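To start, the structure itself, in structure tokens.
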Amino acid sequence: MTVANQKGGVGKTTSTVNLAAALALHGLKVLVIDLDPQGNASTALGVEHRSGTPSVYEVLIGEMSILDATKTSDQSPNLLCVPATIDLAGAEIELVSMVARESRLKEALTDEVLNELGVDYVFIDCPPSLGLLTVNALVGAHEVLIPIQCEYYALEGLGQLLSNIELVQAHLNPTLSLTTILLTMYDGRTKLADQVAEEVRQHFGEVVLRTIIPRSVKVSEAPGFGQTVLTYDPGSRGSMSYLDAARELAERGAKESR
Ligand code: ATP
Ligand code: MG
């Protein structure tokens with residue numbers, strides 16, 4: 001599942017790591033691929049990502065197998081991560097001249113690799129752009145999850161993301177579908193948050209998860225401790241809401257595989 005939205009700061013990384021941690025807590029094995037040179041998902045999972053650390057960069061340029069770049073988060077043996085280092089910042093340009101530049105990640109994510117890791121879910125955290133890294137994430141996945149912040153301007157740029165998804169579906173990855181939208185950073189005190197949530201639901205219907213992630217200080221504090229909110233403050237509203245959202249995801253997945 002690729003977590004994408006070219007708008008910055010909408011909760012892509014927060015949703016990636018907390019959904020992954022919630023599924024891991026329930027005994028599923030989850031791999032998070034950090035595809036953002038900022039390395040925020042790696043930080044939140046407490047995984048080393050200094051320049052030079054084996055990372056998704058070496059995987060994309062074909063120097064390393066995903067198996068050799070995967071680390072286990074100290075938060076759970078069920079939570080794996082391929083970290084991103086700052087080296088990835090150059091990849092967007094380096095990839096341009098490479099063969100099959102849009103499907104480097106897909107080629108690395110073989111069935112053998114996934115079986116060897118024994119993972120039930122893979123989440124790919126995208127950078128805030130529609131460049132080659134995000135295209136690689138869209139080509140390498142079956143599903144897209146778009147986090148939408150319950151704020152003004154939230155829907156701006158969404159059309160462009162949707163048309164990129166359609167382009168990838170048409171030319172590079174026919175198995176891709178937009179299955180999930182998660183409303184994030186909801187502030188119940190504002191009318192605006194309700195209006196945005198309502199508008200998104202009207203437009204996207206069933207794709208939108210019932211669970212809405214509230215704005216919560218605990219959620220934003222957790223990465224500073226190299227943790228997800230699930231270990232940082234398990235009983236907090238933010239933690240409970242990500243557990244609910246993960247349950248919805250898992251139930252949908254179970255329905256589909258029946
Ligand atoms: P980028 O585009 O830079 O990768 P992003 O889409 O991954 O950003 P996040 O990094 O997940 O977004 O979130 C942006 C900021 O908002 C972070 O500081 C994060 O801690 C904070 N944040 C995310 N979700 C919540 C929430 N539910 N409550 C409070 N703060 C939140
Ligand atoms: Mg991010």
Side-chain angles (χ1 to χ4, degrees), residues 1-3 11-35 40-49 56 65-84 105 108-125 137 140-145 147 177 179-182 184 207-214 216 218-219 221-223 225-258:
M1 186 171 270
T2 280
V3 182
K12 290 181 289 295
T13 304
T14 305
S15 300
T16 301
V17 298
N18 287 302
L19 288 172
L23 291 164
L25 193 73
H26 284 282
L28 293 160
K29 202 159 183 193
V30 188
L31 172 65
V32 171
I33 299 179
D34 190 348
L35 210 55
N40 295 152
S42 312
T43 302
L45 296 173
V47 170
E48 172 77 63
H49 63 104
V56 76
S65 154
I66 285 199
L67 293 174
D68 295 319
T70 300
K71 302 274 169 27
T72 305
S73 168
D74 52 15
Q75 289 170 43
S76 161
N78 286 332
L79 199 45
L80 309 177
C81 174
V82 178
L105 184 64
L109 266 177
T110 60
D111 285 346
E112 291 79 60
V113 164
L114 294 174
N115 285 337
E116 175 89 27
L117 291 171
V119 289
D120 300 293
Y121 280 87
V122 180
F123 287 93
I124 307 171
D125 185 27
H142 298 304
E143 300 186 40
V144 187
L145 183 159
S177 69
T179 57
T180 316
I181 288 178
L182 179 60
T184 65
V207 167
V208 188
L209 290 183
R210 269 176 284 120
T211 307
I212 298 185
I213 309 300
S216 131
K218 299 290 179 189
V219 170
E221 283 174 355
F225 296 86
Q227 291 188 43
T228 64
V229 74
L230 278 96
T231 50
Y232 178 65
D233 193 346
S236 64
R237 275 188 329 136
S239 171
M240 302 306 262
S241 64
Y242 272 112
L243 277 168
D244 287 343
R247 186 175 310 116
E248 269 192 72
L249 272 190
E251 281 169 3
R252 287 181 172 195
K255 231 187 232 168
E256 260 166 39
S257 59
R258 234 180 262 152

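What you see is a predicted model, and the numbers here were worked out from it, not measured in a lab.
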Pairs of donor and acceptor atoms involving the side chains of residues 109-118, under 3.5 Å and at least two apart or interchain, shall be tabulated with distances.
from   : atom 1 : to     : atom 2 : distance (Å)
Thr110 : OG1    : Val113 : N      : 3.2
Asn115 : ND2    : Asp111 : O      : 3.3

Which atom pairs, donor and acceptor, lie under 3.5 Å between side-chain atoms of residues 230-237 and protein residues at least two apart or in another chain?
from   : atom 1 : to     : atom 2 : distance (Å)
Thr231 : OG1    : Gln227 : OE1    : 2.9
Thr231 : OG1    : Thr228 : O      : 3.3
Tyr232 : OH     : Glu221 : OE1    : 2.7
Ser236 : OG     : Asp233 : O      : 2.8
Ser236 : OG     : Ser239 : N      : 3.3
Arg237 : NH2    : Arg215 : O      : 3.3

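The two atoms that bring Ala250 and Tyr121 nearest to each other are CA-OH, 3.4 Å, heavy atoms only. Minimum heavy-atom separation, Val207 to Arg252: O-NH1, 3.4 Å.
Listed by chain and number, the residues in a side chain to side chain donor-acceptor pair (under 3.5 Å) with Thr184 amount to none (sequence neighbours excluded). The side chain to side chain donor-acceptor pair (under 3.5 Å) check on Thr179 picks up Glu143, with sequence neighbours excluded. In this view, Thr211 and Glu248 satisfy the side chain to side chain donor-acceptor pair (under 3.5 Å) rule, not counting sequence neighbours. By the salt bridge (charged side-chain N to carboxylate O under 4.0 Å, His left out) test, Asp120 pairs with no residue at all, sequence neighbours left out.
Residue His142 qualifies as open at atom NE2: its count of foreign heavy atoms under 6.0 Å is 12 or below.
Between the Asn78 side chain and the Ala24 main chain, a donor and an acceptor come within less than 3.5 Å of each other. Side chain of Asp34 to main chain of Cys81: no donor-acceptor pair is present (N/O by atom type, distance under 3.5 Å, no hydrogens or angles). At distances below 3.5 Å, not a single donor-acceptor pair connects side-chain atoms of Thr2 with backbone N or O atoms of Ile124.
In this structure, CD on Glu48 lies 10.0 Å from OG1 on Thr43, to the nearest 0.5 angstrom.
The closest side-chain heavy-atom distance from Asn40 to Pro223 is not below 4.5 Å.
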